[in-house]
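Below, each value reflects all heavy atoms present in this structure, side chains not excepted, and no hydrogens, waters or symmetry copies.
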Amino acid sequence: MRLIKIFLLLSLPLPSFCQQNCTGVVVDKLTGNKIPYATIGLVKENTGVNADAQGAFSIRSSWSGVDSFRISSVGYETTVLPVHGWTDGQVIRLLPKEGMLKEVIVSANRQKKVYDLNRFGHCSWNWYQIGRETIYQLAQRFEAPGDGMQLLQLELCKDRSESIFRFRIYDVDSVSKGPGKDLADTIIEVSSGETHAEINLEQHHIIIPGKSFFVAVEWIFIPYNEEYQTIKSNGVK
């Protein structure tokens with residue numbers, strides 16, 4: 001079995017803000033269990049938030065009469081609901097996806113050859129910031145040496161602030177040539193205050209079907225990830 005280790009050099013975006021308020025909670029439709037950190041996006045405004053660890057969220061919108069919510073989480077079917085007629089505290093029930101990836105058994109007797117992609121020597125002071133627009137994920141395309149390889153490890157170069165984020169692994173969409181199907185059937189979540197955030201993926205058994213694939217960092221918009229700084233512009237704080 002040939003394996004891949006990937007090293008990323010990315011920085012994470014900053015959240016933006018809106019106008020009117022709606023609240024709710026996201027749960028598993030079959031079990032009723034709360035779904036932590038589900039993504040709730042406003043389609044027309046192209047903004048959104050993440051639910052907290054208990055599935056609860058609060059989101060503001062200035063297009064409440066005509067916009068729609070898009071609620072998604074890894075391992076669940078995406079749901080789209082109208083903002084019009086929304087009830088505060090509304091429960092959103094997501095249906096688990098069927099036909100998730102089967103576990104791949106790697107024989108201990110087979111020799112493993114590991115490839116490194118995009119290795120970096122040290123973290124540089126590169127920042128990626130946005131204004132009023134909200135971007136949930138930053139993705140980079142990679143080319144594996146061969147087909148059917150297993151993704152072994154990821155390393156993210158980041159600042160030292162404590163934060164919670166997710167890695168997403170996608171194949172390549174045949175039409176758009178952008179990120180396509182999720183290749184991981186479980187949430188790959190990282191909580192780290194280290195400059196080099198490492199995650200071992202061997203237990204997830206992520207197999208890349210072709211040579212091309214995407215690795216994305218998903219930013220989670222929760223209070224834990226907020227950071228405040230005081231700056232001066234033209235002498236004013």
Practice problem: Evaluate the side-chain contact (heavy atoms from CB on, under 4.5 Å) criterion for residues Leu151 and Leu183: first the C-alpha distance (whole Å), next the side-chain angles of each, then the deciding distance (0.1 Å), finally the verdict. | Solution: CA-CA 10 Å; Leu151 187 57; Leu183 296 178; over 6 Å; no

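- By the 4.5 Å side-chain criterion applied to Ile, Leu, Val, Met, Phe, Trp and Tyr, Tyr170 is assigned to a cluster that also includes Val172, Phe214.
- When every heavy atom of Ala144 is checked against every heavy atom of Met149, the shortest pair comes out as CB-SD, 4.0 Å.
- Asp173 has its side chain out of reach of Pro179: every pair of non-hydrogen atoms, C-beta onward, lies at least 4.5 Å apart.
- Note on Val43 and Val49: separate hydrophobic clusters, where clusters join Ile, Leu, Val, Met, Phe, Trp and Tyr whose side-chain heavy atoms are under 4.5 Å apart, directly or indirectly.
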Self-check item: Residue pair Val83, Cys22: steps toward the side-chain contact (heavy atoms from CB on, under 4.5 Å) verdict
Solution: CA-CA 8 Å; Val83 177; Cys22 295; 4.3 Å; yes

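- Ile220 places a side-chain heavy atom less than 4.5 Å from the side chain of Arg166.
- Using a 3.5 Å distance cut-off with no hydrogens or angles, the side chains of Thr39 and Asn50 do pair a donor with an acceptor.
- The two atoms that bring Ser58 and Thr23 nearest to each other are OG-CG2, 3.8 Å, heavy atoms only.
- At a threshold of 4.5 Å between non-hydrogen side-chain atoms, the residues Asp147 and Pro209 do not count as touching.
- For the pair Phe165/Lys158, a side-chain contact is recorded, criterion being any heavy-atom separation below 4.5 Å from C-beta on.
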Practice problem: Evaluate side-chain contact (heavy atoms from CB on, under 4.5 Å) for Ser163 paired with Trp219, printing each intermediate quantity in order. | Solution: CA-CA 9 Å; Ser163 57; Trp219 184 241; 4.1 Å; yes

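- Taking both residues in full, the closest heavy atoms of Glu189 and Ile164 are given as CG-CG2, 3.9 Å, listed atom of the first, atom of the second, then distance.
- Counting all heavy atoms, side chain and backbone alike, Lys34 lies closest to Gly55 at CB-N, 4.3 Å.
- In terms of the ring pair (Phe, Tyr, Trp, His ring centres under 6.0 Å) criterion, Tyr37 has no residue partners (sequence neighbours excluded).
- Both Ile206 and Phe142 belong to a common hydrophobic cluster when Ile, Leu, Val, Met, Phe, Trp and Tyr are linked at side-chain heavy-atom distances under 4.5 angstrom.
- Taking the side chain as every heavy atom from C-beta outward, Arg70 and Ser72 approach each other to under 4.5 Å.
- The 12-atom threshold is exceeded at CD of Gln90, counting heavy atoms of other residues, nucleotides or ligands nearer than 6.0 Å.
- For the pair Phe69 and Thr79, the minimum side-chain heavy-atom distance is 4.5 Å or more.
- Between Ser212 and Arg141, the shortest heavy-atom distance links the atoms OG-NH2, 3.1 Å.
- A donor-acceptor pair under 3.5 Å is formed between the side chain of Asp67 and the backbone N or O of Lys44.
- Looking at Tyr76 and Asp28, their side chains come closer than 4.5 Å, going by heavy atoms from C-beta outward.
- Atom CG of Leu152 is separated from atom OH of Tyr115 by 13.5 Å, given to the nearest 0.5 angstrom.
- In this structure, CD1 in Ile187 is found 8.5 Å from CD in Glu218, a value given to the nearest 0.5 Å.
- Between the CD atom of Gln150 and the CD atom of Glu202 there is a distance of 6.0 Å, given to the nearest 0.5 Å.
- Through direct or relayed side-chain contacts under 4.5 Å between Ile, Leu, Val, Met, Phe, Trp and Tyr, Val25 connects to Val27, Val91.
- The CG atom of Leu94 sits 9.5 Å away from the CD atom of Glu77 when rounded to the nearest 0.5 Å.
- Taking each heavy atom of Asp171 and Lys181 in turn, the nearest pair found is OD1-N, 2.6 Å.
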Quiz item: Run the side-chain contact (heavy atoms from CB on, under 4.5 Å) check on Ile40 and Phe57 step by step: do they pass?
Solution: CA-CA 8 Å; Ile40 300 91; Phe57 67 90; 3.7 Å; yes

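- Here the OH-CG distance, from Tyr224 to Asp52, works out to 14.5 Å after rounding to the nearest 0.5 Å.
- A distance of 5.0 Å separates CD1 of Ile188 from NE2 of His204, quoted to the nearest 0.5 Å.
- Side-chain contact between Val215 and Leu154 is present, with heavy atoms from C-beta onward closer than 4.5 Å.
- Under the 4.5 Å side-chain heavy-atom criterion for Ile, Leu, Val, Met, Phe, Trp and Tyr, Val80 and Ile71 are members of distinct hydrophobic clusters.
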